[in-house]
Amino acid sequence: MYIAFSALSPQPDNNGRPDNKCLANSEALLRFKAYVAACEKYRHEIAAIQKYMPGWKPLFNR
């Protein structure tokens, strides 16, 4: 989980400001955090689905 989080966290450029790529990554980070929050919220429902469909995971839309 740390590797995925660190890959999506914005990194400043040489001037200490986030570049355009970092701004795009911040949107990706926000989407990833929302995905994790939704999975936590619906973890019981996901577990119930996985009883009938082992290995099933909610789709993460980039």
Side-chain angles (χ1 to χ4, degrees):
M1 186 64 116
Y2 174 77
I3 294 171
F5 180 80
S6 63
L8 294 173
S9 64
Q11 302 294 324
D13 64 3
N14 293 336
N15 299 327
R17 297 175 307 223
D19 59 4
N20 288 338
K21 185 177 178 183
C22 288
L23 294 176
N25 283 343
S26 65
E27 181 181 346
L29 178 61
L30 182 61
R31 289 176 180 268
F32 178 71
K33 286 183 178 182
Y35 173 79
V36 170
C39 288
E40 284 294 318
K41 181 177 180 180
Y42 296 107
R43 67 183 181 273
H44 298 294
E45 288 82 356
I46 293 170
I49 292 169
Q50 287 177 341
K51 285 182 184 178
Y52 301 101
M53 300 173 74
W56 180 86
K57 292 184 264 183
L59 182 62
F60 177 66
N61 294 327
R62 300 179 218 190

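The side-chain contact (heavy atoms from CB on, under 4.5 Å) search around Ile46 returns Cys39, Gln50, Trp56, Pro58, not counting sequence neighbours. Not counting sequence neighbours, the partners of Tyr35 by the ring-ring contact (aromatic ring centres under 6.0 Å, His included) test are Phe60.
Glu40 and Arg43 get closest at one heavy-atom pair: O-NH1, 3.0 Å.
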